[in-house]
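Just so it is clear: chains get the letters A, B, ... in the order the sequence lines come, proteins before strands, and each one is counted from 1.
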Amino acid sequence: MNWKNHDSYIELYPPKEFDFEQCLDFLARDAQEMLHKIKDGYLIKLLKIDEEMILCKIEAEHKVIKVEFLSGKPSYEGREEIAKYIWEWFDLDQNLEEFYSIASEDKILSPLVKRYYGLRIVGMPDLFESLVWAIIGQQINLNFAYTLKKRFVQDFGENIVFENETYWVFPSYDKIAQIEVEELRNHQFTTRKAEYIIGIAKAMTTNEISKEALLNQYDFEKIKQSLMALRGVGAWSADYVLMKCFHDNSSYPVGDVGLQNAFKSNLGLDRKPTAEEMYEYAKAWKGWEAYATFYLWRSLSDKTT
DNA sequence: ATCCAGGAACTGT
DNA sequence: ACAGTTCATGGA
């Protein structure tokens, strides 16, 4: 991570092939999103750092990311944690040179990397958040998934009010470990999803799973098996979490309906591709399947194509 | 009304 | 191992 602390703000120095505006466009895709706000060219995100709420204003000037604190006074360690979060959020450890070199020669990807040049996999550094979002998104349309997430955040998350606007942090697993299935059922979560989410929250409070422990396995396949051992987490959810939380560039959720539809529309197919066909396309993307997937997903929210 | 949605567990063979 | 069934709700 490449960052610098200043009196009233911090700066992050991203690698080449990063475009903050592209990432903002992605983050703006959902009108119901509660976990950040997009203003005119900048981003506001509430983070809970060492039990203190820190409201961050994030913008980019001359390829430098600048973060100011609109509310809260983070210590040096807190600032480092904030920098780390943002660094992970925008996947800034990656060098995309190889991906762009591969993609520019690729029939499917070449138009996409031109259109979204500088877009990073916008991740979810928080393991609980990424698991819950994967479970919420299972087998329902995205709009409804966003609605459920909004209810979840507003009912169980913490918030602060700044200049007459409310900002939220994702509910903690400690909180969710204590609620009843019925409370989520009331918000139109299915009984199963409610059980999965509460079960995972409990597993995290008892330290049965943690991001730190999983990271120490140093092997994405092992992490995937550990994730799939959780009730409610199948191959699709595990791949999703590997991509968004663990930065696994080889993650490739072939079962994903959105990805299948992206292939269909980008290739002008009259049906969705089979898993075999998807593996065939991906042979050329070895090691960069997650980026290919993310760019294909990105193309879905573009009504202009 | 019918089918599908950024799936997964459960059941029966 | 593998296919069929159930979950449950919103949108097209």
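Residues A:Asp239 and A:Lys224 are in side-chain contact: their nearest non-hydrogen atoms beyond the backbone lie under 4.5 Å apart.
Taking every heavy atom of residues 136-154 of chain A and every atom of DNA chain B, pairs under 4.0 Å involve A:Gly137, A:Gln138, A:Gln139, A:Ile140, A:Asn141, A:Leu142, by number. Heavy-atom distances under 4.0 Å link DNA chain B to A:Tyr196 of residues 181-198 of chain A, given in residue order. Contacts between residues 233-254 of chain A and DNA chain C, defined by a heavy-atom separation below 4.0 Å, involve no residue at all. Of the residues in residues 121-133 of chain A, none has a non-hydrogen atom less than 4.0 angstrom from any atom of DNA chain C.
Bounding nucleotides for the chain A contact on DNA chain B, 5' to 3', at a heavy-atom distance below 4.0 Å, are B:dA5 to B:dC10.
Taking the ring centre of A:Phe18 as origin, the terminal cationic atom of A:Lys63 falls outside the region bounded by 6.0 Å and 45° from the ring axis.
If you check the side chains of A:Asn141 and A:Tyr146, you find no donor sitting under 3.5 Å from an acceptor. Side-chain contact check for A:Ser237 and A:Gln138: at least one donor-acceptor pair (N or O, by modelled atom type) lies under 3.5 Å. With no hydrogens or angles considered, a side-chain donor-acceptor pair links A:Glu11 and A:Tyr13 at under 3.5 Å. Between the side chains of A:Glu68 and A:Ser8, no donor-acceptor pair of N or O atoms lies under 3.5 Å. Side-chain contact check for A:Asn266 and A:Ser299: at least one donor-acceptor pair (N or O, by modelled atom type) lies under 3.5 Å.
Nearest-nucleotide positions on DNA chain B place A:Lys272 closer to the 5' end than the other of A:Leu230 and A:Lys272.
The residue A:Leu296 sits apart from the nucleic acid: no heavy atom pair falls under 4.0 Å.
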### Message
Set out, in order, the CA-CA distance, both residues' side-chain angles and the distance that settles side chain to side chain contact (heavy atoms under 4.5 Å, CB included) for A:Phe246 and A:Glu88, then state yes or no.
### Response
CA-CA 9 Å; A:Phe246 290 95; A:Glu88 262 203 72; over 6 Å; no
### Query
Where do A:Trp133 and A:Val241 land on the side chain to side chain contact (heavy atoms under 4.5 Å, CB included) test, with the steps shown first?
CA-CA 9 Å; A:Trp133 179 233; A:Val241 171; over 6 Å; no
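The aromatic rings of A:Tyr279 and A:Tyr252 sit perpendicular, their planes meeting at an angle over 60°, well past the 30° parallel limit.
The only option from A:Tyr295, A:Phe294, A:Trp297 that meets the ring pair (Phe, Tyr, Trp, His ring centres under 6.0 Å) definition with A:Phe26 turns out to be A:Phe294.
Around atom NZ of A:Lys57, more than 12 heavy atoms belonging to other residues, nucleotides or ligands sit under 6.0 Å away. Atom CD of A:Glu165 has more than 12 heavy atoms from other residues, nucleotides or ligands within 6.0 Å.
The gap from the C1' atom of B:dG6 to that of C:dT5 amounts to 22 Å, rounded to the nearest Å. B:dT11 and C:dA8: their P atoms are spaced 14 Å apart (whole Å).
Judged by distance alone, the side chain of A:Tyr291 and the main-chain N or O of A:Ile121 form a donor-acceptor pair under 3.5 Å.
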Check residues 168-181 of chain A and write down every donor-acceptor pair under 3.5 Å in which the side-chain atom is one partner and the other belongs to a residue at least two apart or another chain.
| from | atom 1 | to | atom 2 | distance (Å) |
| --- | --- | --- | --- | --- |
| A:Ser172 | OG | A:Lys175 | N | 3.1 |

